[in-house]
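Each chain gets a letter, A, B and so on, in the order the sequences are listed, and its residues count up from 1.
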Number of protein chains: 2
Amino acid sequence: MKTTIKDVALQANVSISTVSRIINNQPGYSEATKEKVEKVIKEMGFHPNGLARGLIHKKTHTIGVLLPNIISSFSSKLLNGIEESAHENHFSTIVCNTGPLGNRTLEYLSVLGEKKVDGIILTSSPLKEEYYKEIKALDIPVILLSSMSYRYSVPYVKVDDKQAAYHAASYLIQNGHTKIAMISGSQDDELAGLPRYEGFIKALGDHGLSVNENIIVYGDFGFQSGRTSMEQLLPFRDEFTAIFVASDDMAMGAISVASEHNLKVPDDFSVIGYDNTNIAEMAIPPLTTVAQPLREMGKVAITKLIEMINNQDTIASAIMAHEIIERKTVKKIIST
Amino acid sequence: MKTTIKDVALQANVSISTVSRIINNQPGYSEATKEKVEKVIKEMGFHPNGLARGLIHKKTHTIGVLLPNIISSFSSKLLNGIEESAHENHFSTIVCNTGPLGNRTLEYLSVLGEKKVDGIILTSSPLKEEYYKEIKALDIPVILLSSMSYRYSVPYVKVDDKQAAYHAASYLIQNGHTKIAMISGSQDDELAGLPRYEGFIKALGDHGLSVNENIIVYGDFGFQSGRTSMEQLLPFRDEFTAIFVASDDMAMGAISVASEHNLKVPDDFSVIGYDNTNIAEMAIPPLTTVAQPLREMGKVAITKLIEMINNQDTIASAIMAHEIIERKTVKKIIST
DNA sequence: CTGAAAGCGCTTACAG
DNA sequence: CTGAAAGCGCTTACAG
């Protein structure tokens with residue numbers, strides 16, 4: 001039997017109210033009773049029941065985080081920032097792995113609703129109408145992380161993917177590359193696929209380069225699809241000197257296929273990735289890539305979410321700065 | 001204002017008790033009232049309040065998971081198995097990143113206590129006396145994952161590290177290597193440092209090989225320490241043909257330093273890692289390593305924990321099978 | 001088949 | 001400074 005506030009009150013010979021005041025640092029007791037009660041609390045190892053408190057305050061100090069792929073280095077870093085910042089603010093975080101396509105999102109939303117979380121972070125996936133409706137019905141503050149919605153006005157924190165891709169391509173161009181391939185995500189993917197593709201195309205255009213459709217191929221951001229994408233690119237080997245790859249994992253896949261064909265990066269061609277996951281720095285040679293401040297983004301999301309929880313009102317979104325991390329996979333080319 | 005059971009009762013013109021019976025599938029109402037009430041529930045979008053339920057049942061259907069390093073691929077895989085299996089069993093999981101040395105463990109234990117989680121999984125860190133005491137005081141079932149305790153009788157699920165290390169070394173020996181270096185974790189680390197070291201030493205002994213202290217160096221399992229360890233090994237370059245590295249991250253560090261010195265794996269020396277993290281398969285060449293069934297281990301931990309939650313009694317521990325994943329970093333040597 | 005009442009463990013006016 | 005009572009949103013005997 002866990003000891004309750006009643007047990008403490010009995011033992012200390014005071015009322016429940018008094019014990020409550022003391023554990024909540026509210027005025028209304030003498031120093032003497034305070035000491036007496038605190039002694040009993042120590043002795044009995046009393047911890048107030050969070051459920052009872054939550055029931056009264058309508059606050060659980062718990063937030064729910066929905067992630068499509070908990071196992072990826074990308075999600076881990078976001079989660080790391082979220083969890084750390086949540087803990088600093090005395091919030092616990094419930095993780096929900098919604099699956100690759102976010103299939104379990106609705107399920108999780110419903111349990112988060114019953115558990116009365118104070119807020120929800122939806123990461124890396126589009127805000128579908130059904131999600132939005134459920135969240136509205138639940139009447140819980142939400143923030144989108146590494147995602148956004150044109151349709152619904154929900155605050156978000158993310159990087160500008162189009163701009164980041166634009167910079168990645170520009171970086172290649174500044175290093176003398178004019179024939180540039182791309183391994184892109186699907187154009188159906190409004191979050192990470194399309195915008196990176198568009199940024200790439202725009203950079204080429206702005207620098208007076210033409211687009212060569214032969215050397216734009218599509219994967220799903222995963223290692224394996226990087227491999228197959230590279231195989232599609234191989235026949236056009238002499239049409240490019242560099243590749244912009246929309247994820248580090250795909251970049252690693254591409255490089256490993258190249259290496260199997262005795263093609264060396266960056267000597268035979270340059271590569272710039274996207275994400276700056278752990279692998280990027282461990283790769284041989286270390287991968288030049290576009291970094292998103294993932295931990296930082298997680299922290300900002302929490303800060304904003306808590307603000308929403310405390311003052312009901314809407315909050316501005318944040319576009320976080322990306323950065324190109326120069327490592328060893330892009331070679332400066334002297335124009336021929 | 002969220003709608004409560006009272007609102008539903010009022011609207012449907014029945015008592016609270018009846019509504020309660022209906023949402024809990026308990027006998028005691030006519031088909032007619034059931035339909036009426038369910039209609040109202042839909043209309044009002046009523047979801048029972050989990051806090052109130054938890055207060056009564058003394059069950060929250062929530063478990064707490066303590067991880068020392070949420071961001072590592074190792075922890076992510078464990079967490080993935082845990083979360084998936086928890087969700088299947090209708091449990092939510094609160095993640096707690098205790099920090100590299102588990103410094104925040106006590107803090108988290110206390111909040112998990114207040115939140116009345118039904119069970120706790122402590123992963124990858126030793127069960128210190130203070131943790132054990134707190135957990136006992138909280139009176140919540142615990143299971144150790146990728147960890148164990150000699151001192152306290154707490155169920156655990158892990159791999160036999162000593163045996164796995166023994167196999168890794170034996171694998172090298174079977175491939176003709178007789179001069180084998182090791183990059184180990186600290187011998188002060190009873191969980192992953194000492195046992196892997198011991199398994200390595202025992203394998204050498206059992207195969208009649210002598211131990212060369214020059215080529216046993218110590219890191220902290222991280223990429224950087226793999227780099228510095230390799231630098232310590234370099235002066236003794238001709239005293240080994242293979243290295244057993246106690247983590248994949250360190251193996252990657254070692255290989256990258258080697259590559260900077262124009263040493264190629266496996267042509268110049270072989271490497272076998274430990275963990276089978278994502279990087280292992282993305283590496284060039286892909287890393288031969290010892291795999292732990294991490295997702296599976298997470299699932300087993302949940303299964304056992306839930307069993308403990310339901311029938312108070314103690315549970316047997318599980319030693320999971322490890323496996324050597326043969327990839328491309330170990331070369332068969334023909335004895336000279 | 002249905003409802004009134006007590007209770008889960010707390011907090012918060014209210015009264016003294 | 002202190003306590004009795006009502007209430008947070010439910011469930012569960014108990015009575016009818």
Item to check | Any A:Lys6 side-chain N or O less than 4.0 Å from OP1/OP2 of C:dG7 | outcome: no
Next on the checklist: Whether B:Thr4 contacts D:dG9 is assessed here as follows: a side-chain N or O lying under 4.0 Å from the phosphate OP1 or OP2. Is that the case?
Outcome noted: no
Checklist entry - In chain order, what residues pass the ring pair (Phe, Tyr, Trp, His ring centres under 6.0 Å) check against B:Tyr131, with sequence neighbours excluded? => result none
Checklist entry - Residues in ring pair (Phe, Tyr, Trp, His ring centres under 6.0 Å) with B:Phe221, at least two apart? => result none
Item to check | Pairing pattern in dot-bracket form [Watson-Crick, G-U; both distances under 3.5 Å; | = partner strand] for DNA chain D | outcome: |||.||||||||.|||
Donor-acceptor contacts under 3.5 Å from residues 97-111 of chain B side chains, at least two apart:
residue  : atom : partner  : partner atom : Å
B:Asn97  : OD1  : A:Asn80  : ND2          : 2.9
B:Asn97  : ND2  : B:Leu67  : O            : 3.3
B:Asn97  : ND2  : B:Pro68  : O            : 3.4
B:Thr98  : OG1  : B:Leu67  : O            : 3.1
B:Arg104 : NE   : B:Asn97  : O            : 3.3
B:Arg104 : NH2  : B:Asn97  : O            : 2.7
B:Thr105 : OG1  : B:Gly102 : O            : 2.6
B:Glu107 : OE1  : A:His87  : NE2          : 2.5
B:Tyr108 : OH   : A:Glu83  : OE1          : 3.1
B:Tyr108 : OH   : A:Glu83  : OE2          : 2.4

Counting side-chain heavy atoms from CB outward, which of [options] is closest to [X]?
X: B:Leu55; options: C:dC10, D:dG9, D:dG3; answer: D:dG9
X: A:Thr18; options: C:dC8, D:dG3, D:dC10; answer: D:dG3
X: A:Asn49; options: C:dC10, D:dC10, D:dG9; answer: C:dC10
X: B:Pro48; options: C:dT11, D:dG9, D:dC10; answer: D:dC10

Checklist entry - Looking at NZ of A:Lys115 and OG of B:Ser92, how far apart are the two atoms once the value is rounded to the nearest 0.5 Å? => result 2.5 Å
Item to check | Rounded distance [0.5 Å steps], NZ in B:Lys58 versus OG1 in B:Thr60 | outcome: 12.0 Å
[X]: which residues meet the salt bridge (Lys or Arg N to Asp or Glu O under 4.0 Å) condition with it, sequence neighbours left out?
X: A:Glu114; result: none
X: A:Arg295; result: A:Glu84
X: A:Glu43; result: A:Lys39
X: B:Lys133; result: B:Glu129

Provide, to the nearest angstrom, the distance between the [atom1] atom belonging to [X] and the [atom2] atom belonging to [N].
X: B:Lys115; N: C:dC10; atom1: NZ; atom2: P; result: 16 Å
X: B:Asn13; N: C:dT2; atom1: CG; atom2: C1'; result: 13 Å
X: A:Lys59; N: C:dT11; atom1: NZ; atom2: P; result: 15 Å
X: A:Asn25; N: C:dT11; atom1: CG; atom2: P; result: 12 Å
X: B:Lys116; N: C:dC8; atom1: NZ; atom2: C1'; result: 12 Å
X: B:His61; N: D:dC10; atom1: NE2; atom2: C1'; result: 14 Å
X: B:Arg53; N: C:dG7; atom1: CZ; atom2: C1'; result: 17 Å
X: B:Asp7; N: D:dC10; atom1: CG; atom2: C1'; result: 13 Å

Checklist entry - Which pairs count as side chain to side chain donor-acceptor pair (under 3.5 Å) when at least one residue sits in residues 146-160 of chain A, sequence neighbours excluded? => result A:Lys158-A:Asp161
Show me the donor-acceptor pairs within less than 3.5 Å that the side chains of residues 44-55 of chain B make with the rest of the protein, sequence neighbours left out.
residue : atom : partner : partner atom : Å
B:Asn49 : OD1  : B:Leu51 : N            : 2.7
B:Asn49 : OD1  : B:Ala52 : N            : 3.3
B:Arg53 : NH2  : B:Asn24 : OD1          : 3.1

Checklist entry - Within the side chain of B:Thr303, is there an N or O that forms a donor-acceptor pair under 3.5 Å with the backbone of B:Lys299? => result yes
Checklist outcome for this item: Note: contacts of residues 29-46 of chain B with DNA chain D (heavy atom, under 4.0 Å) are B:Phe46
Output a table of nitrogen or oxygen pairs between the protein and nucleotides 12-15 of chain D separated by less than 3.5 Å.
residue : atom : partner : partner atom : Å
D:dT12  : OP1  : B:His57 : NE2          : 3.0
D:dT12  : OP2  : B:Gln26 : NE2          : 3.3

